[in-house]
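Here is the structure we will look at.
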Amino acid sequence: MSISKPSCVVFASKYVGEGCARFIFERKDNILQLYVGCEDDLELIQMAQNHEVPVAVWTEVSRTQFIENKMQYDWLLNFWCPHILRENVLSKAVKRLNVHPGLVPHCRGNDGAAWALRLKVPAGVSLIEMTEQIDAGGIYAQREVPYKFGETGRSLHNRLQDEAVSLFQEAWPGIVDGEIEAGEQPEGGSYFTRKMTNTDRVQSGDTRFTLEEFVRWSTSHDFSPGTTAEIIADDGRHFRVTVEEIKS
């Protein structure tokens, strides 16, 4: 007699979303609905259509429809979807899992790569239980990702994405089968918002750093060719700041 697999609703976006979603599609998990972060998630949309799974962009309209429908799921899986999912969404599933680019309790919230480098704390990825309090749930699995002084935020962020997909692929079979349960998250740690990141990224010209602190600040915010650290001079002009290692 065949045993039906637990039902899943999936929220996914970008590179990590694609890697994790592809894995559960290939496993033939019981995915009843896929929501993507934005209209640009074309690969995810095509993936769902190829597997005949209903797919929609997560908007105010689709959120309202999701809350009002009578569906209940065994699992809600969040793969890098940028939207904050509140209790009225989380409560639609018995269990919830978030793929997070931080070694919680360090660097909860946004921009884990930048803040790990900035504050010289451990970096890594975590599979955590989703609760109303952001990134504060129990830990299903996590993996530390070492880095060296001078690594840029973009470089570490890219490596964390690869490790996030890898960790999910390694741990999900045991999690969904009940062999791996969420353990309590340690106390302490840190939490950051995008506003906090942008505030730290732009410093006035009279900010005082040691040279090592300056390098750490600059490299942690170096996501070039996108954003970088910036200095505002006394006359109001903005300067982009990057530091390049000298290879011997």
Side-chain angles (χ1 to χ4, degrees), residues 6 8-24 27 29 37 74-87 89-90 93-148 151 153-194 196-197 220 223:
C8 302
V9 56
V10 178
F11 295 78
S13 189
K14 300 182 179 178
Y15 176 82
V16 171
E18 293 172 11
C20 293
R22 183 174 296 107
F23 178 71
I24 60 176
R27 274 174 41 90
D29 283 327
D74 295 308
W75 280 94
L76 184 154
L77 304 175
N78 185 31
F79 305 144
W80 227 258
C81 190
H83 304 287
I84 295 176
L85 305 179
R86 298 299 185 187
E87 180 60 29
V89 173
L90 300 179
V94 177
K95 296 183 178 181
R96 300 156 294 274
L97 181 147
N98 179 45
V99 178
H100 176 67
L103 197 72
V104 296
H106 301 291
C107 303
R108 302 184 188 100
N110 292 101
D111 307 312
W115 285 107
L117 295 172
R118 180 77 168 93
L119 300 180
K120 201 159 50 172
V121 298
V125 292
S126 305
L127 307 183
I128 54 181
E129 183 181 15
M130 295 184 72
T131 64
E132 178 70 9
Q133 187 176 355
I134 297 174
D135 297 336
I139 301 170
Y140 284 105
Q142 59 184 175
R143 178 185 298 169
E144 184 170 357
V145 179
Y147 61 85
K148 293 182 179 180
E151 182 167 7
R154 175 175 288 279
S155 170
L156 180 56
H157 178 70
N158 289 343
R159 293 200 296 121
L160 290 179
Q161 291 186 83
D162 288 334
E163 293 292 344
V165 174
S166 172
L167 179 63
F168 178 76
Q169 293 174 346
E170 176 185 293
W172 173 242
I175 294 172
V176 73
D177 289 344
E179 299 168 2
I180 300 174
E181 297 184 354
E184 186 175 350
Q185 190 173 144
E187 296 181 358
S190 52
Y191 171 81
F192 302 100
T193 64
R194 179 59 50 81
M196 294 167 69
T197 304
S220 67
F223 285 77

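Position 1 is the first residue of the sequence, and the numbers go up from there.
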Exercise for the section: Verify side chain to side chain contact (heavy atoms under 4.5 Å, CB included) between Glu163 and Leu167, making sure each step is shown before the conclusion. Expected result: CA-CA 6 Å; Glu163 293 292 344; Leu167 179 63; 6.0 Å; no
Handout entry: Salt-bridge contact Lys95-Asp74 (side-chain N to carboxylate O under 4.0 Å)
Key = no
Exercise for the section: Start with the C-alpha gap between Val125 and Gln142, add the side-chain angles, then the distance that decides, and say whether side chain to side chain contact (heavy atoms under 4.5 Å, CB included) holds. Expected result: CA-CA 6 Å; Val125 292; Gln142 59 184 175; over 6 Å; no
Exercise for the section: Please say whether more than 12 non-hydrogen atoms of neighbouring residues, nucleotides or ligands are located less than 6.0 Å from CD in Gln133. Expected result: no
Handout entry: Greater than 12 external heavy atoms within 6.0 Å of Glu181's CD
Key = no
Practice task
Show your working on side chain to side chain contact (heavy atoms under 4.5 Å, CB included) between Leu90 and Arg86 and close with a plain yes or no.
Solution key: CA-CA 6 Å; Leu90 300 179; Arg86 298 299 185 187; over 6 Å; no
Exercise for the section: Just say parallel, tilted or perpendicular for the rings of Trp80 and His157, cut-offs at 30° and 60°. Expected result: tilted
Practice task
Give the ring-plane orientation class for Trp75 versus Trp172, where under 30° counts as parallel, over 60° as perpendicular and anything between as tilted.
Solution key: perpendicular
Residues [X] and [Y]: side-chain donor-acceptor under 3.5 angstrom:
X: Arg143; Y: Ser166; value: yes
X: Arg27; Y: Gln169; value: no
X: Tyr15; Y: Asp162; value: yes
X: Thr197; Y: Trp115; value: yes

Problem - Shortest non-hydrogen contact between Asn78 and Asn98, atoms and distance - result: ND2-OD1, 2.9 Å
Exercise for the section: Indicate the atoms forming the closest heavy-atom contact of Cys81 with Ala12, along with that distance. Expected result: CB-N, 4.0 Å
Problem - Stepwise side chain to side chain contact (heavy atoms under 4.5 Å, CB included) test for Leu160 and Val16 - result: CA-CA 10 Å; Leu160 290 179; Val16 171; over 6 Å; no
